[in-house]
Amino acid sequence: VLGGLGSGLYLIAFYYQYLPAMLLGWFIAVVLKGICHILYLGKPLRVWRAFTRLQTSWISRGLLFVFGFGFFAALQMAPVFFPLLPWTGQSPLLNTLMVISALLLMMYPGFALAYVRAVPLWNNALLPVLFVLYAFMGGLGLFLPLGIYEGLGYREVLFLEHNIRLLLLISSILLAIYLVTVGYTDQAGKESLLLLLRGDLSAVFYGGVVGLGILLPFLSSLFLYATGNLSRPLLYTAMLGELTGSFLL
């Protein structure tokens with residue numbers, strides 16, 4: 001969640017050239033995600049081995065993508081703080097490398113899960129696409145209040161809101177297709193689906209993923225569009241709902 005959220009925020013902030021949001025995105029994707037990984041380590045002295053299986057392991061590739069994004073994004077922001085550096089933050093090559101590494105950082109958890117054939121709920125080609133959509137949704141949701149605080153214009157806010165509604169709609173459709181395809185797999189896949197829709201996880205799924213993560217930000221976006229009232233409390237509530245839904249998904 002942190003990797004997708006941070007890289008999504010960074011890409012959107014880079015498009016608008018808003019440095020504080022770029023720094024925040026980098027911090028979330030590299031520092032906070034890195035801290036979570038470090039806290040999770042069972043054998044810290046052996047962690048270097050995770051980099052040695054790039055040809056077969058999505059975990060190894062994921063670590064490479066994290067470091068790649070952190071490195072290229074840091075190079076991109078560095079000239080702002082150190083003007084005497086021999087490159088600029090607008091280098092086409094550096095921009096391309098940063099965008100590619102950010103997209104790979106968004107995708108790789110989906111590929112890592114989809115590679116596990118033993119778990120039908122994970123073994124699905126739609127997962128990487130869902131991870132990218134949720135990364136951009138989280139980035140947009142987090143950037144919007146920051147942009148308004150910075151003085152983002154009314155048209156830009158409406159444009160961002162329109163994209164949030166579009167991503168929510170597309171991700172909802174893909175999520176429904178994803179769950180339907182899981183239901184057509186083997187018995188384990190059907191049991192997983194029933195657990196989400198009718199079992200112990202149904203409250204989390206309907207209340208968290210659907211209610212907080214999809215309906216709340218979608219209805220808030222429609223209200224803001226219909227009334228033209230850019231209510232900050234409503235924006236913050238919708239942002240928290242979308243981030244909570246992403247985490248629960």
Side-chain angles (χ1 to χ4, degrees), residues 1-9 11 29 33 36-37 40 50 53-66 68-69 99-141 163-218 241-249:
V1 175
L2 292 174
L5 174 64
S7 54
L9 174 60
L11 284 178
K33 181 180 176 68
C36 289
H37 275 310
Y40 186 71
R53 296 290 184 270
L54 293 174
Q55 70 275 19
T56 56
S57 171
W58 276 105
I59 293 177
S60 294
R61 295 165 191 160
L63 288 171
L64 180 65
F65 299 155
V66 173
F69 170 75
V99 170
I100 291 174
S101 61
L103 291 173
L104 290 172
L105 178 55
M106 295 177 188
M107 292 178 188
Y108 97 84
F111 281 112
L113 293 175
Y115 189 74
V116 183
R117 294 181 177 85
V119 183
L121 188 64
W122 295 353
N123 186 218
N124 193 300
L126 286 177
L127 269 185
V129 182
L130 279 172
F131 270 79
V132 172
L133 286 172
Y134 269 84
F136 276 112
M137 276 200 303
L140 280 169
N163 283 293
I164 289 175
R165 287 195 302 274
L166 184 61
L167 286 175
L168 282 168
L169 181 61
I170 295 172
S171 62
S172 300
I173 294 171
L174 282 181
L175 182 59
I177 295 173
Y178 166 70
L179 293 176
V180 168
T181 57
V182 169
Y184 283 106
T185 59
D186 60 16
Q187 189 60 33
K190 294 175 182 177
E191 291 295 332
S192 298
L193 185 61
L194 288 175
L195 192 65
L196 284 176
L197 301 183
R198 301 178 188 174
D200 295 339
L201 295 177
S202 59
V204 173
F205 178 73
Y206 290 119
V209 176
V210 178
L212 291 177
I214 296 175
L215 292 179
L216 176 61
F218 188 78
E242 195 279 323
L243 296 180
T244 303
S246 296
F247 178 77
L248 292 175
L249 177 67

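Only this structure's heavy atoms are used, side chains among them; waters, hydrogens and symmetry mates stay out. The residues of the chain are indexed from 1 along the displayed sequence.
Atom CG in L201 sits 4.0 Å away from atom CG in L195 (nearest 0.5 Å). Here the CG atom belonging to L169 is positioned 4.5 Å from the CD1 atom belonging to I173, to the nearest 0.5 angstrom. For the atom pair L248 CG and L212 CG, the distance stands at 7.5 Å (nearest 0.5 Å). Between the OG1 atom of T56 and the CZ atom of R61 there is a distance of 6.5 Å, given to the nearest 0.5 Å. The structure places CG of L5 at 8.0 Å from OG of S246, a figure rounded to the nearest 0.5 Å. Rounding to the nearest 0.5 Å places CG of L197 at 10.5 Å from OG of S192.
Taking every heavy atom of both residues into account, S7 and F69 meet most closely at CA-CZ, 4.0 Å. The two atoms that bring L113 and W122 nearest to each other are O-CB, 3.3 Å, heavy atoms only. Smallest separation of non-hydrogen atoms from G110 and F131: CA-CD1, 3.7 Å. In terms of heavy atoms, K190 sits closest to G183 at CG-O, 3.3 Å. Minimum interatomic distance between P120 and V182 (heavy atoms only, all atoms of both residues): O-CG2, 4.3 Å. When all heavy atoms of L130 and S171 are compared, the closest pair comes out as CD2-O, 4.0 Å.
By the 6.0 Å contact criterion, OH on Y206 is enclosed, its count of non-hydrogen atoms from other residues, nucleotides or ligands being greater than 12. Atom CG of D200 is surrounded by 12 or fewer heavy atoms from other residues, nucleotides or ligands within 6.0 Å. In I59, the CD1 atom is not crowded: 12 or fewer heavy atoms of neighbouring residues, nucleotides or ligands sit closer than 6.0 Å. Other residues, nucleotides and ligands contribute more than 12 heavy atoms inside 6.0 Å of the OH atom of Y178.
With a 4.5 Å cut-off on side-chain heavy atoms, Y40 and H37 do not count as touching. Considering only heavy atoms from C-beta on, F136 comes within 4.5 Å of M106 through its side chain. Residues V209 and L196 fail the side-chain proximity criterion, which asks for heavy atoms closer than 4.5 Å.
For the side-chain contact (heavy atoms from CB on, under 4.5 Å) criterion with M137, the lone passing option out of L166, I170, L168, I164 is L168. Here the options are L174, L175, L126, the test is side-chain contact (heavy atoms from CB on, under 4.5 Å), and the partner is L133; only L174 passes.
Classification of the F65-Y108 ring pair by plane angle, with boundaries at 30° and 60°, yields perpendicular.
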